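Everything on this sheet refers to the single structure shown next.
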Amino acid sequence: EKDGYDYFMLKEIAEQPKAVANTLLGRVGNDGLLSLDEMRLSDDELREVDKVVVVACGTAYHAGMVAKYAIEHWTRLPCEVELASEFRYRDPVVDRQTLVIAISQSGETMDTLMALRYAREQGARVLAICNTNGATIPRESDAVLYTHAGPEVAVASTKAFLTQMIACFLVGLYLGQVRGTKWGDEIRSVVRDLSDLPAKVDVVLETMEPVRELARNLASATSVLFLGRHVGYPVALEGALKLKELAYMHAEGFAAGELKHGPIALVEENVPIIVVVPSPKGRSVLHDKIVSNIQEVRARGARTIVVAEEGDEDVVPYADHLIRVPECPVLLQPVVSTVPLQVFACEMASARGFDVDQPRNLAKSVTVE
Ligand code: F6R
């Protein structure tokens with residue numbers, strides 16, 4: 001069933017172009033606009049929304065962090081993202097006009113389920129983004145948008161994560177469409193950008209051999225740090241989570257702007273630092289800032305591994321290793337830049353002799369607190 005791959009995780013990483021394409025399938029009308037009637041929330045209900053709150057755990061939470069950037073940009077609605085385990089024990093302010101989005105691959109995660117129950121008791125409308133048909137979370141929600149990643153067997157989430165981001169983009173864009181903050185041609189253009197993603201992920205997958213080699217070379221490192229800004233920040237967190245759970249290494253992701261507020265003290269000779277660079281100069285105001293972050297850590301002896309778009313030449317002088325990803329609109333970039341970090345973690349775990357598909361102490365579906 002592994003189709004010739006050594007691990008389910010590798011198979012599932014390779015399935016990502018298809019998973020992304022399937023999640024977009026049937027959700028764009030002939031007019032190039034979105035039609036998400038399946039979601040079961042009326043346009044009137046969506047027009048009443050005055051705040052979006054995303055709740056999720058682990059990798060799904062990282063998808064929610066990416067969603068925040070897109071939803072606020074496209075809809076001008078405030079969007080909060082919170083770990084379900086924190087949300088449910090706080091006294092969060094949600095009401096009838098709040099749209100709560102619960103993201104869960106399995107649809108059974110206890111904390112996410114309890115968070116959505118609480119939100120519904122407060123009168124909020126809850127939309128589930130889920131990969132498992134008929135699971136508890138979609139059953140208990142007002143609305144559901146399924147990710148069509150197909151069954152995910154490896155404990156570490158890969159294709160589900162990419163499709164969760166896609167589903168969040170669809171919801172954000174649809175809210176913009178219904179509420180009139182995004183107009184026809186703008187929507188059509190983002191939809192085209194989304195449709196280009198499967199081919200871009202394919203390109204990334206075809207160029208992963210050097211990343212595998214790098215992982216094997218770094219297999220004896222004791223710690224790996226990840227830096228990102230804007231949507232690259234959740235990607236950094238996700239890269240670190242994958243490495244922890246699979247390779248049992250100390251790995252931490254930081255917002256690059258926080259470096260000087262503490263984490264830079266961790267930088268020492270030869271520590272590998274993976275930096276997720278936003279779109280090149282001209283398309284992202286943050287590009288210069290992250291280039292200087294790379295310089296800063298390198299000047300302190302770090303071994304820099306830079307994930308940057310094709311054609312971004314500014315990073316070349318400061319990258320000990322360069323991982324190229326195809327050019328992509330800023331907000332959608334996590335869909336391509338996450339992939340090398342998944343491959344890196346998988347190869348690292350395998351080089352260290354660990355069971356990639358069944359990491360110790362972890363379960364695929366977390367139905368207890
Ligand atoms: C990490 C991972 C977990 C899950 C988390 C939520 O690779 O898979 O962090 O993302 O347990 O699970 P779901 O999405 O099923 O609610």
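Note that ligands are numbered from 1 as they come in the structure, with each ligand's atoms numbered from 1 the same way. What you see below is based on every heavy atom in this structure, not just the backbone, and it leaves out hydrogens, waters and symmetry mates. The first residue of the sequence shown is numbered 1, and numbering continues consecutively from there. The shown structure was predicted, so the numbers you read here are calculated from the model rather than taken from an experiment.
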Shortest protein contact, atom 12 (O) of ligand 1 (heavy atom only): Thr109 OG1, 3.5 Å
Tyr69 and His230 aromatic ring geometry - parallel, tilted or perpendicular at 30°/60° bounds: tilted
Atom pair CZ/CG of Arg192 and Leu197 - distance to nearest 0.5 Å: 13.5 Å
Proximal ligand 1 atoms for Gly58, defined as those under 4.0 Å from one of its heavy atoms: 9 (O)
Atom 5 (C) of ligand 1 [closest protein heavy-atom partner, distance rounded to 0.1 Å]: Cys57 O, 3.6 Å
CA sep, side-chain torsions, deciding dist, call: Lys68, Glu72, salt bridge (Lys or Arg N to Asp or Glu O under 4.0 Å): CA-CA 6 Å; Lys68 176 184 167 79; Glu72 291 194 334; 3.5 Å; yes
Pair Leu332-Lys200, side-chain contact (heavy atoms from CB on, under 4.5 Å): steps then yes or no: CA-CA 11 Å; Leu332 311 188; Lys200 292 184 181 182; over 6 Å; no
Nearest non-hydrogen protein atom, atom 14 (O) of ligand 1: Gln105 N, 2.6 Å
Residue, atom name and distance, where the atom is the protein heavy atom closest to atom 3 (C) of ligand 1: Thr59 N, 4.0 Å
Ligand 1 contact on Val155 by region, counting heavy-atom pairs under 4.0 Å: backbone
Ligand-side contact atoms (ligand 1) for residue partner Ala60, heavy atom cut-off under 4.0 Å: 10 (O), 14 (O)
Which residue and heavy atom of the protein sit nearest atom 11 (O) of ligand 1, plus the separation: Val366 CG2, 4.1 Å
4.0 Å heavy-atom contact, Ser365 with ligand 1: no
Pairing of Glu245 and Lys364 as salt bridge, 4.0 angstrom limit: no
Distance from atom 7 (O) of ligand 1 to nearest protein heavy atom, with residue and atom: Glu245 OE2, 2.4 Å
Pi-cation contact, Tyr248 with Arg360 (under 6.0 Å, within 45°): yes
Contact (N/O only, under 3.5 Å) between Lys364 and ligand 1: no
Nearest heavy-atom neighbours spanning Val54 and Ile103: CG1-CD1, 3.6 Å
Side-chain touch Met249/Arg352, heavy atoms, less than 4.5 angstrom: yes
Residue Ser104 vicinity, atoms of ligand 1 by number, heavy atom under 4.0 Å: 13 (P), 14 (O), 15 (O), 16 (O)
Under-4.0 Å heavy-atom contact with ligand 1, by part of Lys242 that carries it: side chain
Distance-only side-chain donor-acceptor flag, Glu238 / Thr59, under 3.5 Å: yes
